[in-house]
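Contents: one structure, followed by commentary.
Here is the naming used below: chain letters follow the sequence lines, and residue numbers restart at 1 for every chain.
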There are 4 protein chains.
Amino acid sequence: MINIDFKDRRPIYQQLMDSVEDLAAKGLLKANAQLPSVRQLAVDLSINPNTIQRAYAELEKRGVLYTVPGKGSFLSDNRKQLLEDKENKLLQALRDIFAQALELGLSLDDLLARAKNSFKEVTHD
Amino acid sequence: MINIDFKDRRPIYQQLMDSVEDLAAKGLLKANAQLPSVRQLAVDLSINPNTIQRAYAELEKRGVLYTVPGKGSFLSDNRKQLLEDKENKLLQALRDIFAQALELGLSLDDLLARAKNSFKEVTHD
Amino acid sequence: MINIDFKDRRPIYQQLMDSVEDLAAKGLLKANAQLPSVRQLAVDLSINPNTIQRAYAELEKRGVLYTVPGKGSFLSDNRKQLLEDKENKLLQALRDIFAQALELGLSLDDLLARAKNSFKEVTHD
Amino acid sequence: MINIDFKDRRPIYQQLMDSVEDLAAKGLLKANAQLPSVRQLAVDLSINPNTIQRAYAELEKRGVLYTVPGKGSFLSDNRKQLLEDKENKLLQALRDIFAQALELGLSLDDLLARAKNSFKEVTHD
DNA sequence: GTGGTCTAGACCACG
DNA sequence: GTGGTCTAGACCACT
């Protein structure tokens, strides 16, 4: 369910956070479900517990999960908010791309059409 | 022409490289035009000369510029190649966004339409 | 009467102690009234009996309640003392706030007036 | 300027954050001033660099400081915002106290008057 | 020199 | 068992 890519430039704790957020946003983890314990996940992923701890702590500050000391970590009930946030990020990323295309003098519609085509090819597998 | 943002997360040498590439891709710097000397740019931007040196060295390795010992650094004549590269990067970025939208169950057309709309509003200034 | 908030940062045994002390100070629990048994409360609140045990033990150490082996736990007759303690805590908290306001250069009277106003608004329900 | 109390219950990194925020809010540290380096402060306070690093990282996320990798950490220019935040925290703390006093049946004006009096005595030194 | 990440291992509080 | 904090020491990227 959670994969770490050691070749990825992003730090491990960041990859972890993204994984958990994705799982939550996609609904693969239900609200109030208990997450693997820091130590267990550390063993499973062959990662130092401190690194897991850091990811969980940041996710708690962001409201993605809540933690009950001595009991464990549990997913928050905010999938809707998560989805909204991710949607806004995608929108902002698109706008940034649009701006760059504009500056380079590229046709936006042409670019989008080509992106769609090559995307379909890839996902036809 | 070249601005450095110290609060930007990207390293300074990276920002420098991006700036030069952008200027070249947009045609604001012509082929074979002489670039500011390492020392001059270091003074202008209040940056360590080593940092400028690194950026120039990387850009030379990428073929964006060439250096004539004792004379200075000059822009290569490869605007076409640069534009193509940037276009491919944008396409790849779009495909990544498409994939994420798909995973989140968002409507791609809807997302694109909204991005276009909010983009137009912003750029109507 | 007693509520536990698992998302509260305070440990559960602490929340329990605070609840009992509050009920006693407010007079909602009379002197010598019998408290729920450890087992009963553990079931009611879905909490580990050890946690209840710890809270009761601490409360007994503080003189808030007394335990008759084989019969149960009963509230001590010290509401006056409890009230005084809580009052002193509030006074100390106020003094701390005053000190902080002073350090930040805020007007104490102004701050108090605004706190009163916004407090009244909230409690006018 | 920065003191750590090992008897304090608050974790060290938390004390550190509070200290820096206080210095910034009180204006004892000017905007864009460079903070001691992680390693230097670690030596000065006899604390592990990781702990300093953690405090600085959190302060950066809160916008209290910004960091230029390879150069150092610098105070952000947001004293006004900091002061406002601290003021709101004090207001909220006051409202909480008011609510508790109300529940205990204490006279708010009486409580405030006594707090003021005892506060003056202490600060008359 | 600077900050950022990670590991290993320890100790504490909580349930 | 759980999470939270801290130390020691290492390595990396950046200036």
D:Q53 side chain near E:dG4 phosphate (N/O to OP1/OP2, under 4.0 Å): yes

Closest-nucleotide ordering on DNA chain E, the 5'-leading residue of C:Q14 and D:P36: D:P36

Quiz item: D:N50 side-chain donor-acceptor pair to F:dG9 base, under 3.5 Å: yes

Which residue lies more 5' along DNA chain E, comparing A:R10 with C:R10 via nearest heavy atoms: A:R10

Which residue lies more 5' along DNA chain F, comparing D:S46 with B:I47 via nearest heavy atoms: D:S46

Length of the line joining A:I52:CD1 and F:dG4:C1', which is rounded to integer Å: 15 Å

Gap between atoms CD and C1', on D:Q34 and E:dT2 respectively (whole Å): 9 Å

Carboxylate-amine/guanidinium contact A:D5 A:K7, below 4.0 Å: no

Sugar-phosphate only, base, or nothing, as touched by A:R54 at under 4.0 Å among non-hydrogen atoms: sugar-phosphate

Any donor-acceptor N or O pair under 3.5 Å, side chains A:D77, A:Y66: no

Whole-Å distance separating the CD atom of D:Q15 from the P atom of F:dT5: 12 Å

Gap between atoms CG and P, on D:N48 and F:dC6 respectively (whole Å): 10 Å

Length of the CZ-P vector between A:F6 and F:dC12, whole Å: 16 Å

